[in-house]
Amino acid sequence: MNDTTIPPHRYTAELASRIEAHWQERWEQEGTFRSVNPAGPFAEPDHPRLRGGDGDDDHLFVMDMFPYPSGTGLHVGHPLGFIATDTYCRFQRTTGRNVLHTMGFDAFGLPAEQYAVQTGQHPRTTTERNMEVYRAQLRRLGMGHELRRSFATIDPDYYRWTQWIFLQIYDSWYDEDAPSRSAAGGAGRARPISELVAEFAAGSRPLPGEHAGRAWADLTRVEQADVLDRYRLAYLSAAPVNWCPGLGTVLSNEEVTSEGRSERGNFPVFRRNLSQWMMRITAYADRLVDDLDRLDWPTKVTTMQRNWIGRSTGATVRFPVPRADSSEAAGSGGEAAIEVFTTRPDTLFGATFMVLAPEHPLVEEIVPAAWPEGTREAWTGGAATPAEAVAGYQREASTKSDVERQADARTKTGVFTGAFATNPATGQQVPVFVADYVLMGYGTGAIMAVPGQDQRDWDYATAFDLPIVRTVQPPADHPEDEAFTGEGPAINSSNEEISLDGLGVDDAKARIIGWLQDRGLGRETVTYRLRDWLFSRQRYWGEPFPIVWDEDGVAHPVPEDQLPVELPDVPDYSPRTYDPQDAGSAPEAPLARANDWVEVELDLGDGPRRYRRETNTMPNWAGSCWYHLRYLDPANDQALVDPEVERYWIGPRQQPVAGAPEGAVDPGGVDLYIGGVEHAVLHLLYARFWHKVLFDLGHVSSEEPFRRLINQGMIEAYVYRDARGFPVPAAEVEEHTDPAGGPSTFTWQGEPVTQEQGKIGKSLKNVVTPDEICADYGADTFRVYEMSMGPLEQYRPWETRAVVGSYRFLQRLWRNVVDEETGELVVTEEPMDEVTERLVHRTVEGVRHDYEGLRVNTAVAKMIELNNHLTKLDAVPRAAVEPLVQMVAPVAPHLGEELWSRLGHERSLAYEPFPAADPALLVDETVTCVIQVRGKVRDRIEVPADITEDELRERALATERITELLGGVEPRKVIVRAPKLVNVVPG
RNA sequence: GCGCUCGUGGUGGAACUGGUAGACACGCAGGAUUUAGGUUCCUGUGCCUCACGGCAUGCGGGUUCGAGUCCCGCCGAGCGCACCA
């Protein structure tokens, strides 16, 4: 590049970088982006921005999903959401709001640990270094974050409170009957476990299960602990869990893909019985579903949460079945019952067989010694006895991986158990099968099969030649060979006591449930797909549990005043991982090796005694479950957040959110939360759960953490592949445009390559970093480009060569204020001409609306239009360019500040009120009216903006072109929308 | 298979409650500056046609004076769920 040809004061990348560094320094020194708290350690109750009063609109809390400081660095896709929130917040500050916007780091967890293991360094070392890199990159991009509120989940001051919240959850139970604390009403809330103990001790609540009838005080310590574990919201469970040998840890259901592999690393996951910490999130299933209505979230995310929770209402029905004589179970020879869950109890009369999951415990008890008379060959699986057939099938099912099961999904397999159950409605004997299309993990692990109204049952019935009875009348055009799952009148559904015939599905359901309940044969039931959250990990890099164990194996919480339980520095922090396929391996927590830390002497109220520390750690979701609360009051060492501060920032508001149903109550929460859709059922579900527990226990006034959520789209990039399909370096590809106007073709090293759109990443050879773009154009250009690419929610491809468009815009703006040769101000103090003035006001109005609606792309387009107009003037009036500088400042903050200061203002424009549009100048005196004939534009006329309908009609019909087109015929109809449109329908 | 979202120039995208389709930007073409390239600036640019004019928002219907926008049916793409009883 030849510098001599470039004017010395041109807005180049070098000048932009100098300006940017200057303002970043100044913002930091002046604490420009500090927001004001009403109480707590940051309290400034007299600050004017608090304005007194309790206005819902004078403050705003905006959050990005906080980043994971990865070692691989940022690419241009990462900062998209950050730039959007920063732009939004900068705009909101100029409207006078007290804006809270900061950013911390989600720094515990597997990737950080894996990176450390790979590079042979301690996770804390690598994580802290990565955070420094990250902070520098964010600063380089001009983020207006409030730095004093930033923290990382690995800070002991922070995880002290993560542990504290864990203890709150551990020390509570869910009382279904207690009145809700919510203004929305309802029942059910978490209560302290001490209140449960008090009820047990007083005898006002009966002890559960095998302890029924005994007095609380008579139970041993171990028995008491065991009882309480059945109630606690955080509890130890020995249920089957997801064991992932390849990662050396157990995982939550949410971290396992539908293919039965780990979401991270894609390793196989096995079901193992292991004793693990669980969170009783299922107690909140209903509220987690119902409260989605009160949130302003993308429907995509709310449906994903609804699907994941999987609430379905129906009935459980008991089908009597004889116990087999050969069964070794107690009470053999007697009567057992198969309990099924169905969402269609109205079809009970059509239940012609039953199916148990292979793992169903009742299977062993009902299998008779021999096949009943006349059992069909196809039902036996070729086995001599039912026991042999069932055992064979169970073996087969157990060895099938989830992937294989899925591959066989549509082929129905199974065997007859030899047993018959009684359909309680028809009294008929129905055969009982074992088949793997019924899953043990859902409902009761058994179904009544209703082939007439369920396609899966129909397929099974057809495969095994079982009877099919339709109990809902299908419409005439319904195919003969398919189940009918739709709405229709019940048929074939009566016995001596009850008839459903003729009733619609809902009425039939209600009547049969009533009948079943009266007879003690069943009851209305709600089931959920959601399972309790597996909360422990066998990993080093996570929050230690604040739990110790005594010699009887009873757990004790570490007293609050001894928190945090700090993660010890150990020489060997790597997890014990195994061959990914080694299902028989067992987890081993790295902390268990730290003997000096594990063995501890504590005084928990009965004198100093020896304890063993819990050696599992928390999953990385723990830290992100509540960081929104800590941003509010990060320096508070008395509470996780001061209640007044919490109420001020995220307490419930007067108005429910947009789109909430009639009568909904605002749940409170962060005003705007922006992040990727990948957290739809992980972080966002867990955080909601924790927040609700804290609400129930009275620690927060808000019922939900995030009132409004937006998923930013991903920035992708073009991927180019050679003839073999391998990606080639995108930066080296040459484009060849088609002179005829057709699509371009592409070559790499002379060879043709194909273009597609894909994720940015090393493996696709299309990485572009913000650092390169900042070096070539400056951070402001980068920000403007990212915001101009399209709507925030949309996926779009990165195109480096298009960045220059945003660069030219800022350069032109600069040139409208500063002389490129001399650096002198070039603005004139002369007043604006009328056209310019009207354009300025229209732009102000439009840009304000666009910023409010987070449509930065169209805001930028409007500013470019104004700027292009100013460029054409002989001299740029100060009165026109000052509002433009203010408008551009949220997206291009450094350039905004610099021009503002060169225009003679001393103070930062961060809080300078956004320009106001004069309504009188928004309407033009004359407008162009289009005249259509049959909806097609045929002519245009200039008319006064306040023209009357009649006059407009007259003038439109009188134009030369329209009279010509009408050819003297009287129009049949004339639609007038004054002043902009007339549509003529000829006779 | 089911559900949701979405299909607009060579490209990214505009178009508020139905009312001038293609704002703004990239690219491309021509021109100015420059010894030249690059930078910067100016002009043009949906398609067809010499033109008058016609055709255009995935395809086919419908509602309406008027449809990118609303309704129905296809086709295509993306995401989610996937034997959930």
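To find a chain, count down the sequence lines: A is the first, B the second, and so on, and within it residues start at 1. Note that the structure is a prediction, hence the values are computed from the model and not measured.
- If you measure from atom CG of Leu813(A) to atom C1' of C41(B), you get 17 Å, rounded to the nearest angstrom.
- With a 3.5 Å ceiling on both atom-pair distances, the Watson-Crick or G-U wobble partner of G1(B) is C81(B).
- What separates CD of Glu799(A) from P of G10(B) is a distance of 15 Å, to the nearest Å.
- Under the Watson-Crick or G-U wobble criterion, with both distances below 3.5 Å, C16(B) is left unpaired in every strand shown.
- A straight line from CG of Asn307(A) to C1' of G3(B) spans 8 Å, rounded to a whole angstrom.
- The cationic atom of Lys412(A) (NZ for Lys, CZ for Arg) does not lie both less than 6.0 Å from the six-membered ring centre of Phe464(A) and within 45° of the ring axis.
- In this structure, Glu735(A) pairs ionically with Arg801(A), as a charged nitrogen and a carboxylate oxygen lie closer than 4.0 Å.
- Of the residues Thr471(A), Asp346(A), Thr347(A), the one that meets the side chain to side chain donor-acceptor pair (under 3.5 Å) test with Gln453(A) is Thr471(A).
- Among the protein residues, Tyr718(A) comes within range of the sugar-phosphate backbone only, with heavy atoms under 4.0 Å from sugar or phosphate atoms but none that close to a base.
- Base pairing of G76(B): its partner is C6(B), meeting the Watson-Crick or G-U wobble criterion (both donor-acceptor distances under 3.5 Å).
- Among the heavy atoms of the strands lying under 4.0 Å from Arg801(A) are primed sugar atoms or P, OP1, OP2 only; no base atom is included.
- Between Arg808(A) and C26(B), a side-chain N or O to OP1/OP2 separation shorter than 4.0 Å is present.
- When atom types are taken as modelled, the side chain of Arg344(A) and the backbone of Val505(A) share no donor-acceptor pair closer than 3.5 angstrom.
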Problem set entry | Check against side chain to side chain contact (heavy atoms under 4.5 Å, CB included), Val438(A) and His360(A) | CA-CA 10 Å; Val438(A) 171; His360(A) 198 289; over 6 Å; no
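- Comparing the same atom, C1', in A15(B) and in U20(B) gives a spacing of 11 Å after rounding to whole Å.
- Listed nucleotides U20(B), G66(B), G12(B) differ in distance to Thr928(A); the shortest reach to its side chain belongs to U20(B).
- Rounded to the nearest Å, the gap between the P atom of A56(B) and that of C6(B) is 25 Å.
- Each of Val340(A), Ile513(A), Leu516(A), Val450(A) was checked for a side-chain contact (heavy atoms from CB on, under 4.5 Å) with Leu348(A), and the lone residue meeting it is Leu516(A).
- Checking the phosphate oxygens (OP1, OP2) of G19(B), no side-chain nitrogen or oxygen of Asn983(A) falls inside 4.0 Å.
- A salt bridge links Asp850(A) to Lys862(A): at least one charged side-chain nitrogen sits closer than 4.0 Å to a carboxylate oxygen.
- Residue Val860(A) is classed as having no contact, given no heavy-atom separation below 4.0 Å to the nucleic acid.
- Taking the six-membered ring where the residue is Trp, Phe782(A) and Trp798(A) present tilted rings, their angle falling between 30° and 60°.
- No contact: Ser788(A) has no heavy atom under 4.0 Å from any strand.
- The aromatic rings of Phe353(A) and Tyr460(A) sit parallel, their planes meeting at an angle under 30°, below the 60° perpendicular limit.
- The same atom, C1', is picked in C55(B) and in U49(B); the two are 11 Å apart, to the nearest Å.
- Of the side-chain N and O atoms in Arg812(A), one or more sit less than 4.0 angstrom from OP1 or OP2 of C41(B).
- Taking side-chain N and O atoms only, Gln932(A) has no distance below 4.0 Å to OP1 or OP2 of U20(B).
- For Val930(A), the listed nucleotide lying nearest its side chain is U20(B); candidates were A85(B), C65(B), U20(B).
- Using C1' as the reference atom, C59(B) and A77(B) are 15 Å apart when rounded to the nearest Å.
- Residue-level contact check: Gln794(A) touches the backbone only, with heavy atoms under 4.0 Å from sugar-phosphate atoms and none from bases.
- Of all nucleotides listed (C83(B), U40(B), G13(B)), U40(B) comes nearest to the side chain of Val804(A).
- Heavy atoms of Tyr785(A) sit nowhere under 4.0 angstrom from any nucleic acid atom.
- In this structure, U64(B) makes no Watson-Crick or G-U wobble pair, since no nucleotide meets both defining distances under 3.5 angstrom.
- Contact between the side-chain N/O atoms of Arg842(A) and the OP1/OP2 oxygens of A23(B) is not found at any separation under 4.0 Å.
- A donor-acceptor pair under 3.5 Å is formed between the side chain of Asp780(A) and the backbone N or O of Leu895(A).
- Remark: C1' of A25(B) and CD of Gln811(A) are 15 Å apart, rounded to the nearest angstrom.
- Using atom C1' as the reference point in both C4(B) and U57(B), the two lie 23 Å apart (nearest Å).
- Distance from the side chain of Thr871(A) is smallest to C42(B) among A82(B), C42(B), G12(B).
- Note on Arg815(A): every side-chain N or O is 4.0 Å or more away from OP1 and OP2 of U40(B).
- Between Glu524(A) atom CD and A85(B) atom P the separation is 15 Å, expressed in whole Å.
- With RNA chain B read from its 5' end, the first of the two nearest nucleotides for Arg796(A) and Lys980(A) is the one closest to Arg796(A).
- With rounding to whole Å, Asn711(A) atom CG is found 12 Å from G80(B) atom C1'.
- With both ends at atom C1', the span from A51(B) to C74(B) equals 40 Å, rounded to whole Å.
- Separation of the P atoms belonging to G76(B) and C41(B) is 46 Å when rounded to the nearest angstrom.
- Spacing of C1' atoms, G13(B) relative to G27(B), comes out at 14 Å, to the nearest Å.
- For RNA chain B, the residues of residues 861-870 of chain A within the heavy-atom distance limit of 4.0 Å (strictly under) are Ala861(A), Ile864(A), Glu865(A), Asn868(A), sorted by number.
- Across all strands shown, nothing is found opposite U35(B) as a Watson-Crick or G-U wobble partner with both distances under 3.5 Å.
- Ring pair Tyr442(A)/Phe341(A) is perpendicular by interplanar angle, where above 60° counts as perpendicular and below 30° as parallel.
- Here Thr303(A) lies out of heavy-atom contact (under 4.0 Å) with every strand.
- Base-pair partner of G44(B): C28(B) (Watson-Crick or G-U wobble, both distances under 3.5 Å).
- For G68(B), the glycosidic angle deviates from 0 by more than 90°, giving an anti base.
- For G19(B), the OP1/OP2 oxygens have no side-chain nitrogen or oxygen of Arg940(A) closer than 4.0 Å.
- The aromatic rings of Tyr807(A) and Tyr777(A) sit perpendicular, their planes meeting at an angle over 60°, well past the 30° parallel limit.
- Proximity of Ser312(A) to the phosphate of A85(B): a side-chain N or O atom is located under 4.0 Å from OP1 or OP2.
- For Arg938(A) and G54(B), the CZ to P distance is 5 Å, given to the nearest whole Å.
- What separates CD of Glu735(A) from C1' of C26(B) is a distance of 10 Å, to the nearest Å.
- Within 4.0 Å (heavy atoms only), Asp457(A) reaches no atom of the nucleic acid at all.
- Between Met440(A) and Lys300(A), the residue anchored nearer the 5' end of RNA chain B, judged by the nucleotide with its closest heavy atom, is Lys300(A).
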